[in-house]
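For reference, the structure discussed in these notes is given below.
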Amino acid sequence: MKVYSSNKKLAKAAASAAEAKRLYGADVGKALGLRIKQLQAARMISDLTGSTGKWAPKKHNLKGIYAAHVTPNYRLLVEFNDDETVANLIDIVDYH
């Protein structure tokens, strides 16, 4: 699956593990790299939902967006195109 981000900070973090650690800290940066590798290796959303990261669709005002655990407090929000071949990294949010 192709992965890109319209969020400039997240795009920099996705391009480099060192940059991810610098921008988000060691724990979040390392886990973010793992989630991005999962996205790149996946062919479709169903490849993600049964894997680590607890990928799950969001509801209500975030309908159409999936969230993955990055750390216990942080989630990566991702939107997929209609044929599930491209993932847009939207943001990393602190749920607590």
Worksheet item: Do the side chains of Ile90 and Val78 get nearer than 4.5 Å, heavy atoms only?
Response: no
Worksheet item: Is there side-chain contact between Lys12 and Leu23, with at least one heavy-atom pair below 4.5 Å?
Response: yes
Fill in: Straight-line distance of Glu19 CD to Leu32 CG, nearest 0.5 Å
11.5 Å
Discussion item. Nearest 0.5 Å, please: how far is CG in Leu10 from CG in Leu76?
Written reply: 6.5 Å
So, for [X] and [Y], which heavy atoms are closest and what is the spacing to 0.1 Å?
X: Ala87; Y: Phe80; value: CB-CE2, 3.7 Å
X: Gly64; Y: Glu79; value: O-CG, 4.1 Å
X: Ala13; Y: Ala20; value: O-CB, 3.5 Å
X: Ser6; Y: Asn88; value: N-OD1, 3.3 Å

Practice prompt. With side chain to side chain contact (heavy atoms under 4.5 Å, CB included) as the test, would you mind laying out the steps for Gln38 and Trp55 before giving the verdict?
Written response: CA-CA 10 Å; Gln38 281 183 316; Trp55 292 87; 3.0 Å; yes
Atom pairs and distances, side-chain donor-acceptor, residues 39-49, under 3.5 Å, sequence neighbours left out:
{"unit_1": "Asp47", "atom_1": "OD2", "unit_2": "Arg43", "atom_2": "N", "d": "2.7"}
{"unit_1": "Asp47", "atom_1": "OD2", "unit_2": "Met44", "atom_2": "N", "d": "3.3"}
{"unit_1": "Thr49", "atom_1": "OG1", "unit_2": "Ser46", "atom_2": "O", "d": "3.4"}

Worksheet item: Cluster question for you: counting only ILVMFWY and a side-chain heavy-atom cut-off of under 4.5 Å, with indirect links fine, are Ile36 and Leu77 together?
Response: no
Worksheet item: Does atom OH of Tyr24 have more than 12 heavy-atom neighbours from other groups under 6.0 Å away?
Response: yes
Worksheet entry | Asn81, CG atom: more than 12 neighbouring heavy atoms under 6.0 Å | yes
Discussion item. Set out, in order, the CA-CA distance, both residues' side-chain angles and the distance that settles side-chain hydrogen bond (donor to acceptor under 3.5 Å, both in side chains) for Asn7 and Ser5, then state yes or no.
Written reply: CA-CA 5 Å; Asn7 177 321; Ser5 180; 5.0 Å; no
Fill in: Qualifying residue, where the test is side-chain contact (heavy atoms from CB on, under 4.5 Å) with Asn73 and the options are Asp94, Val93, Val28
Asp94
Practice prompt. Would you check, one step at a time, whether the test side chain to side chain contact (heavy atoms under 4.5 Å, CB included) holds for Val86 with Tyr4?
Written response: CA-CA 8 Å; Val86 178; Tyr4 78 97; 3.4 Å; yes
Worksheet item: Does Ala68 offer a backbone N or O that forms a donor-acceptor pair with the side chain of Arg35 under 3.5 Å?
Response: no
